[in-house]
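Working notes, structure below.
Just so we're clear, the structure is a prediction, and the values are computed from it rather than from any experiment. The basis for the numbers below is simple: all heavy atoms, side chains too, and nothing from hydrogens, waters or symmetry mates. Numbered from 1 within each chain, the chains take letters A, B, ... in sequence-line order.
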Amino acid sequence: MADILSDLNPPQREAVTAPPGPLLVLAGAGSGKTRVLTRRIAWMLTELGAHPGSIAGVTFTNKAAEEMRSRVATLVGFPGRAIYLHTFHALGARLLREFGSAIGLPPSFVILDEDDSLSLVRDRLKAHPRGGDVPGGPEGIREAISLAKSRGESPAGVRAREGGIYEDLLSEIYDSYEKTRVRLSAADFDDLILLPTRLINEYPEVRDELRDRIRHVLVDEYQDTNPAQYAFLKALVGPGRDLTCVGDPDQSIYRWRGADIRIILEFERNFPDAKVITMEQNYRSTGLILEAASAMIAHNRERRPKKLWTAAGAGRPPVFYQALDEIDEARFVAESLVLLRAHDGPGDAAVLYRTHAQSRALEEEMARRGLKYAVAGGIKFYARREVKDALAYLRLVFNPADIISLKRALAAPPRGVGEATLAKIAASAEESGRPVMEILADPPLLGALPSRPRQALAGFLELVRGLERKLASDGYSTALDMALEKSGYLPWLDDRKPGEADDRKDNLRELFAAVKTAEESGISLGEFLERAALMSEMDKLEDREGAVILMTLHNAKGLEFRRVFLAGLEEGLLPHASSLDDPAELEEERRLFYVGLTRARETVVLTAARGRRQYDAFRWSQNSRFLSEIPRATLLEVGAPEALYGESPAPRSPADETPDGNVTRIPEEENGWDDESTPVPGSEVRHHSFGVGRVIGISGRGPRMRVTVAFPRAGLKTFVAGLARLSRVKEAA
DNA sequence: CAGTCCCAATTTTTT
DNA sequence: ATTGGGACTG
């Protein structure tokens, strides 16, 4: 089919048309990997006559899956509903709903998000004799369990691995967590991968059914696959079957979540008959950006060397600005953005940073200037307290064994049922193996309780029964509405924290709208709850016309922008402090920087501050080592936003060089002025790009002091006095 | 049982 | 500074 192949370059075409079998496509940043994946699926459908239901495409976000589906649909001319195009987790959930009863999970199982999972860990810790004070706390245990699961390790495996006191405890908690989880008819995120794998590997009828059904498997972002996902793929694909993996080892940034870069690096070892195709032509960025990124990432040892190239011109080099603090940094970012837009027209832009905490100063600056911005990430919508509270009612109706939701619903609003009562209910449920909601309806248990909790429980039970009826008669959105009305949740919000009540109510309204929309489009309650659990904030990010997007580097994976700002290029931030003692983690930080750089089509602006407010105190910082890994010829240091459009800077003189770095440092004696030698209007100064000019104005004091200089050719320029590379030529008379 | 006060933590978070 | 959990008290 002509349109499937016509506009592809040779390696892309080879990847799309490669015969079935293990195929690894090493797709450098911006080399068209999504294009290859969608075309290959289209190719299978049209040229190989593959049935849509025989293809499974795995992505890392729901959004990516949906985008891929619609692109395939466009290519082949039919909707492609039957293609399995999901995230790993959604695919796993789907298979679990179908086959999970074999391992004790009914189709109505609920998905535990990290929050739920943590409360289950807490609960198990409390039930454990030595669960009082654990190093790392409950969160540490939850992470350890998750990590074990992502490595495919069983509780026994954890104990066997190290066998220390901590591992023993961990193993016991893990074991108890698992038993309880099954009793609750629940699966956590890791289970959505682990359990389908187990089903395929241990139940021949499931394996045969699935392998008969799914004959082609394609995986996106393969560099961030963890061992459990890898095992899932191997189980799904079977020996010698069709598997296409696309990824870029240099963009592997989820090591801390269990992703293992070696899985992609060792693809050929794992699949000896594998075909490997490398795509190195970049269609996204201009030459100097690509050069800077390539040279920087070459400092990593654990990688596969490659050389990206582009047919595009050199473009402008990445720009670096040495900011004073996070406020100055934000100002530079905002001013540059305004200037870039004024000179080169509008275009999408993003400010990327390592940690969410960095967004605040940037947001404030954007707001102050009335620049439209959107912050991506942060607390996920479906993880917000009020949203989870509200959904707890629906989850409880959906899965009467869900103690976690019962607890939540019982406490929001508080109804006089506390820990003691709950422990009795839980014990009774555990003992009888029946769903908690059944226990709640049990007269013997209720009778044995003190009158206050007994009456409260009776009222609660009635509410839930009412919800069940409402759900059956009018659907789940009405039931949700009823839950909020009848539970007294809304009034409780009001008097708890009056300042927050409005925000929370807004979120509840948004939730209700989402629920209603879902229901009206025929989505079942189960599907809705699943979506809510598997939805990420990035899935919701919509393009706000003309808004700069603020987000973490992790969130930027897979995206591209005309203009990219990378803020906070400081030791301790990027690379992050927690990575400094581990070479592997340091390499991951470098990849994170690489991901950031390669998001840009046209403009890269890098900033570092000399110090910034962290928590409550001001800390000094050093510029990131990664900055000095960018070749000098591909990095332009500027002292002010205006310099982005100044005449091309004079070549740097040897005097500017520092012994260690590639980034030009400001020589101390020329480093602006201190309080004793304030520049005087009328004096002459030299700027590295604008030449000699006359100081015509001073504003602000101390570190905020700005100097306005009139240059014969460049006109008026304003600099932060302490940062601009100005040297004195002649004092005012 | 629930509100209040204190202490500790505070990287990233596709799902 | 902020937030959330745990201990403590009424």
Side-chain angles (χ1 to χ4, degrees), chain A residues 58-65 86-93 111-115 117-119 122 126 132-133 136-140 143 146 149-150 187-193 220-221 223-226 228-229 251-259 352-358 360 376-380 382-383 385 410-411 413-422 450 452-453 456 492 495-497 500 530-539 541 551-559 568 572-580 585 588-589 591-592 595-596 613-617:
Chain A
V58 183
T59 61
F60 275 79
T61 64
N62 299 293
K63 200 179 182 183
H86 298 288
T87 60
F88 263 112
H89 295 81
L91 176 62
I111 296 172
L112 305 181
D113 65 15
E114 276 175 15
D115 205 45
S117 169
L118 182 62
S119 59
R122 282 213 176 89
K126 280 198 189 107
D133 199 25
E139 178 60 28
E143 262 173 32
S146 175
K149 286 186 171 190
S150 68
D188 63 26
F189 286 153
D190 301 300
D191 293 324
L192 297 180
I193 312 296
D220 194 9
E221 308 280 13
Q223 75 280 358
D224 279 318
T225 304
N226 69 36
Q229 289 164 334
Q251 294 183 61
S252 171
I253 55 175
Y254 282 93
R255 188 186 122 91
W256 50 277
R257 292 282 263 119
L352 310 180
Y353 37 76
R354 179 65 230 267
T355 70
H356 277 302
Q358 291 170 252
R360 186 182 297 184
I379 305 160
K380 295 188 192 84
Y382 285 103
R385 179 181 266 125
L410 270 176
R415 340 175 125 68
V417 180
E419 212 164 321
T421 310
L422 222 76
R452 194 155 68 126
W492 177 63
D495 50 58
R496 239 178 105 254
K497 282 203 178 164
E500 292 175 4
E530 179 170 317
R531 280 181 192 212
L534 299 183
M535 165 92 71
S536 84
E537 196 64 359
M538 291 311 289
D539 292 329
L541 184 69
M551 68 178 131
T552 62
L553 286 159
H554 283 91
N555 278 152
K557 188 171 92 167
L559 304 178
L573 269 181
L574 188 71
H576 195 270
S578 55
S579 71
L580 297 179
E585 284 186 31
E588 175 137 319
E589 298 288 309
R591 291 193 290 268
L592 213 37
V595 167
R613 269 192 107 69
Q614 274 178 324
Y615 311 126
D616 59 340

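- Candidate nucleotides C:dG6, B:dT13, B:dC1 were compared by shortest atom distance to the side chain of A:Thr421, and B:dC1 ranks first.
- Contact annotation for A:Arg531: no contact, since no heavy-atom pair falls under 4.0 Å across all strands.
- Residues A:Ala533 and A:Trp492 both approach DNA chain B. Their nearest nucleotides, taken by heavy-atom distance, put A:Trp492 toward the 5′ side.
- With rounding to the nearest 0.5 Å, the separation of CG in A:Asp190 from CZ in A:Arg257 is 7.0 Å.
- Between A:Asp224 atom CG and B:dT13 atom C1' there is a gap of 12 Å when expressed in whole angstrom units.
- Residues A:Arg385 and A:Arg360 each lie close to DNA chain C; by heavy-atom proximity, the contact nearer the 5' end of the strand is made by A:Arg360.
- The aromatic ring centres of A:His576 and A:Trp256 sit 6.0 Å or more apart.
- Residue A:Asn555 has no polar side-chain atom (N or O) positioned under 4.0 Å from OP1 or OP2 of B:dT12.
- Rounded to an integer number of Å, the gap from CZ of A:Arg122 to P of C:dG6 is 5 Å.
- Within the 4.0 angstrom heavy-atom criterion, no nucleotide atom of any strand lies near A:Phe88.
- Among the protein residues, A:Thr552 comes within range of the sugar-phosphate backbone only, with heavy atoms under 4.0 Å from sugar or phosphate atoms but none that close to a base.
- As judged by a 4.0 angstrom heavy-atom cut-off over every strand, A:Ser579 is placed among residues making no nucleic acid contact.
- Between A:Arg122 and A:Glu139 the shortest side-chain heavy-atom distance does not fall below 4.5 Å.
- By the stacking rule of 5.5 Å between ring centres and under 30° between planes, A:His554 does not stack on the base of B:dT12.
- Separating the CZ atom of A:Arg415 from the C1' atom of B:dG3 is a distance of 18 Å, rounded to the nearest angstrom.
- Rounded to whole angstrom, the span from the CG atom of A:Leu573 across to the C1' atom of B:dT12 amounts to 12 Å.
- A cation-pi arrangement is absent between A:Lys557 and A:Tyr254 under the rule of less than 6.0 angstrom and at most 45 degrees off the ring axis.
- Atom CD of A:Glu114 is separated from atom P of B:dT13 by 11 Å (rounded to the nearest Å).
- Nucleotide B:dA9 holds its P atom 13 Å from the CD atom of A:Glu139, rounded to whole Å.
- Here C:dT2 presents its P atom at 18 Å from NE2 of A:His356, a figure rounded to the nearest Å.
- Mapping A:Phe189 and A:Val417 onto DNA chain B by nearest heavy atom places A:Val417 at the nucleotide closer to the 5' end.
- Judged by centroid separation below 5.5 Å and plane tilt below 30°, A:Trp256 stacks onto the base of B:dT12.
- Protein atom CZ of A:Arg613 is 20 Å distant from nucleotide atom P of B:dT10, rounded to whole Å.
- Side-chain atoms of A:Arg591 come within 3.5 Å of backbone N or O of A:Ser252 as a donor-acceptor pair.
- Taking side-chain N and O atoms only, A:Lys557 has no distance below 4.0 Å to OP1 or OP2 of B:dT13.
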